[in-house]
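Contents: one structure, followed by commentary.
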Amino acid sequence: MNNLAYDVLIVGGGGAGLRAAVAAVEADSRLSVGVVSKVYPMRSHTVSAEGGLAAVVRDDDNLDSHAFDTIKGSDFLADQDVVEAFVKEAPDEAIQLEHWGCPWSRDQDGRVSVRAFGGMTVKRTLYAADKTGFHMLHALFQTSLKYTSIHRHDEFFVTSLLVEEGRVCGVAALNLQSGGLQAIQAKAVILSTGGGGRIFPFTTNAAIKTGDGMAMAYRAGCPLKDMEFVQYHPTGLPGTGILMTEASRGEGGYLVNSEGDRYLSEYVPGKMELGPRDILSRSFVHELRAGRVFEDEQGQYVHLDLRHLGEKVIDEKLPFVRELTRNYVGIDPVHDPIPVRPVVHYMMGGVHTDIDGRTPIEGLYSAGECACVSLNGANRLGSNSLTECLVFGARAGKSAAAHAMEQDQQRLGALEHLTREEEERIKSRFFSEAPEEESIADIRTDLQKAMEAGAGIYRTREGLEKACEDIAGLRRRYDNVRVQDHSNVFNTQLTAAIELGFMLDVAESLAHSALRREESRGSHARSDFEERNDDAFLQHSLAYRGVEDGDTPRIDYLPATITRWQPEERTY
């Protein structure tokens, strides 16, 4: 077996992963760093982020304001020590990104432009037109190419963490070009594989976001934290789920119902279209139930109206929105309103980490949407996520580098043994005969339907119990999934089968965590427990995978960290 070995290994080539890679080599130039990604890095989902990056860069803003907006947006579940570190380090990361080549949009006086975003009290979202993630990822990727000690393995699909005596010593990765399983040794591993929104049927998430890193950590014994909190973005295109960026509303767009009213005056009068995403998404449901939405073959929707902004503003600040609507719905927003509805967008939960990206498993770290450092709590404010990739990607990279420098390299023999076990597991699991073969696509579709029905915008005990039962049944059906394609080169049926297993793990942790949280907080809205309950649930959920197949997850709790801001009623 041709083993690869690195001091620090990063799984995922998006914003958090590339920032971690650069931070690790800058911490010590002697370190070797590997980046493993199942797609070419510029196809990572960070490239799809449109609206901007939050940081305090103006005189009318301050760190405490950004911190409180974030904490209030989280419905007071964010760990406040994490938030304080985040807002302090965000401006330096934004400046560093510009030095690396990110072309921030600028005002006529030369200052970096900022726009309004939902839940923010001032304009603090830096942007590069409405392709911020695209330009940010370009800057990070091109910067990573400067370092000869960063080694990329594109189109390698990591199937499992390799753990010996409670310590992560590397990963097993499927080389998609050859079909061979590759052992990659490491003193420290950082998971930055993004979220798992594809467990829902209607999502802005790319097809690659199947919760891989979350599920691998879960299987290795690491808890998944706050998985019940799933963010719906209020403005997705019906049918496709393509995002109409929050920048559309930040620049002054209106949300209008079928009666021609800006209906948010009833639900969030102090913020209107710039209210937090969870409240805006629930407002749509109320309008739907009241019969004040449009409906056609694509389903129910309201209108996002940009016409009053004018062609010049749209072309300068929202060109991608105009391009997307023309290409996908045949509408020019200069002349016609855009149909939109809430769409699954982001997971606040993920791999349980501390403020430096460490997990409870020695040698394992995580950053980005894959992780839950407890910045976002029960609801993330728009434009904090790109900054999170930078701040906590850098922190994880530095922390993993420090850990690696203290470690001896693991024995290769142990690594080879673990990899052979993983190879045999995949072979026996997916290429042997089954008594009654099941379809990957059918199980995936049924999973998405179960999650939408039971764990959508509004939830009940009955619905969540049904979702948990459905997921258990789908796990039993998954036991009979087999791969008919035995080719080696880009065997997409095999990767889809493995991804489906990851999705089932993520869905299981989410549904059981949501069932146990008997309150409404942020994006977790229980119709049977409509009030927030700080006495019982000002705590993070920790979902541990069952020891035996068929066991339900164990849900524990960890108190949220309060530093200076006491919980209060969340109104806008």
Side-chain angles (χ1 to χ4, degrees), residues 1-44 46 89 92-93 96-97 99-102 136-158 161-162 167-173 175 177 182-193 213 356-359 362-368 370-371 389-412 415 419:
M1 182 176 292
N2 179 27
N3 287 301
L4 298 169
Y6 298 102
D7 294 306
V8 177
L9 181 67
I10 295 152
V11 184
L18 292 176
R19 183 66 187 92
V22 173
V25 296
E26 289 187 340
D28 191 320
S29 59
R30 297 168 296 175
L31 292 177
S32 61
V33 176
V35 178
V36 184
S37 176
K38 67 178 178 181
V39 295
Y40 186 71
M42 280 306 303
R43 293 184 61 225
S44 299
T46 306
E89 295 168 24
D92 287 343
E93 287 292 334
Q96 178 65 79
L97 196 63
H99 291 175
W100 285 338
C102 185
M136 170 176 156
L137 194 60
H138 260 292
L140 289 169
F141 182 49
Q142 290 167 352
T143 299
S144 74
L145 298 178
K146 297 193 307 183
Y147 297 97
T148 57
S149 54
I150 295 179
H151 305 270
R152 292 202 337 270
H153 300 280
D154 303 338
E155 296 178 332
F156 274 62
F157 178 34
V158 177
L161 296 170
L162 302 180
R167 170 185 166 190
V168 171
C169 57
V171 304
N175 183 335
Q177 296 183 54
Q182 175 73 59
I184 308 179
Q185 188 174 2
K187 298 175 184 177
V189 174
I190 303 174
L191 296 172
S192 54
T193 57
D356 292 316
R358 295 185 194 89
T359 76
E362 184 182 355
L364 183 63
Y365 299 76
S366 188
C370 176
C389 288
L390 298 174
V391 170
F392 294 105
R395 278 180 166 257
K398 294 171 188 175
S399 183
H403 175 81
M405 287 186 281
E406 298 172 353
Q407 306 301 313
D408 295 326
Q409 198 66 273
Q410 201 79 355
R411 292 180 295 111
L412 285 176
L415 195 74
T419 307

Residues two or more places apart in sequence or in another chain: which of them pass side-chain contact (heavy atoms from CB on, under 4.5 Å) with [X]?
{"X": "C370", "value": "L191, T193, M214, V351, S366"}
{"X": "Q142", "value": "H138"}
{"X": "A21", "value": "I10, V33, V35, I150"}
{"X": "D28", "value": "R30, L31, M405"}

Return the minimal non-hydrogen interatomic distance between [X] and [Y], and the atom names on each side.
{"X": "A404", "Y": "V8", "answer": "CB-CG2, 4.0 Å"}
{"X": "S29", "Y": "S149", "answer": "O-OG, 4.3 Å"}
{"X": "F392", "Y": "A367", "answer": "O-CB, 3.6 Å"}
{"X": "S144", "Y": "V22", "answer": "CA-CG2, 4.2 Å"}
{"X": "A172", "Y": "T419", "answer": "CB-CG2, 4.5 Å"}
{"X": "H403", "Y": "G363", "answer": "NE2-CA, 3.6 Å"}

Kindly say whether G368 contributes a backbone atom to a donor-acceptor pair with the side chain of S192 at under 3.5 angstrom?
no
Main-chain N/O of R395 paired to S399 side chain as donor or acceptor, under 3.5 Å
no
Rounded to the nearest 0.5 Å, what separation is found between the SG atom of C102 and the CD atom of Q96?
11.5 Å
One should read off an interatomic distance between L9 CG and L161 CG, to the nearest 0.5 angstrom, of 9.5 Å
Are the side chains of [X] and [Y] in touch, meaning some heavy atoms are under 4.5 Å apart?
{"X": "L162", "Y": "V168", "value": "no"}
{"X": "L4", "Y": "H151", "value": "no"}
{"X": "V11", "Y": "V189", "value": "yes"}

Would D7 and Q407 count as a side chain to side chain contact (heavy atoms under 4.5 Å, CB included) here? Give the steps.
CA-CA 9 Å; D7 294 306; Q407 306 301 313; over 6 Å; no
Listed pairs under 3.5 Å, donor-acceptor, residues 36-44 side chains, sequence neighbours left out:
residue: S37; atom: OG; partner: V39; partner atom: N; Å: 3.3
residue: S37; atom: OG; partner: V39; partner atom: O; Å: 2.5
residue: K38; atom: NZ; partner: I208; partner atom: O; Å: 3.0
residue: K38; atom: NZ; partner: T210; partner atom: OG1; Å: 3.4
residue: K38; atom: NZ; partner: D212; partner atom: OD2; Å: 2.9
residue: K38; atom: NZ; partner: E499; partner atom: OE2; Å: 2.6
residue: S44; atom: OG; partner: G13; partner atom: O; Å: 3.3
residue: S44; atom: OG; partner: G14; partner atom: N; Å: 3.4
residue: S44; atom: OG; partner: P41; partner atom: O; Å: 2.9

Using the salt bridge (Lys or Arg N to Asp or Glu O under 4.0 Å) rule, collect all pairs that involve residues 140-152, keeping only residues at least two apart or in two chains.
R152-D154
Electrostatic pair K187-E406, nearest N-O below 4.0 angstrom:
no
Pairs involving residues 8-22, ordered by first then second residue, that meet side chain to side chain donor-acceptor pair (under 3.5 Å) (sequence neighbours left out)
R19-E93
Among residues at least two apart in sequence or on other chains, which ones pass side chain to side chain donor-acceptor pair (under 3.5 Å) with [X]?
{"X": "T143", "result": "none"}
{"X": "E155", "result": "none"}
{"X": "E362", "result": "none"}

Once ring pair (Phe, Tyr, Trp, His ring centres under 6.0 Å) is applied, do any residues pair with H153, and if so which ones, sequence neighbours excluded?
Y6, F156
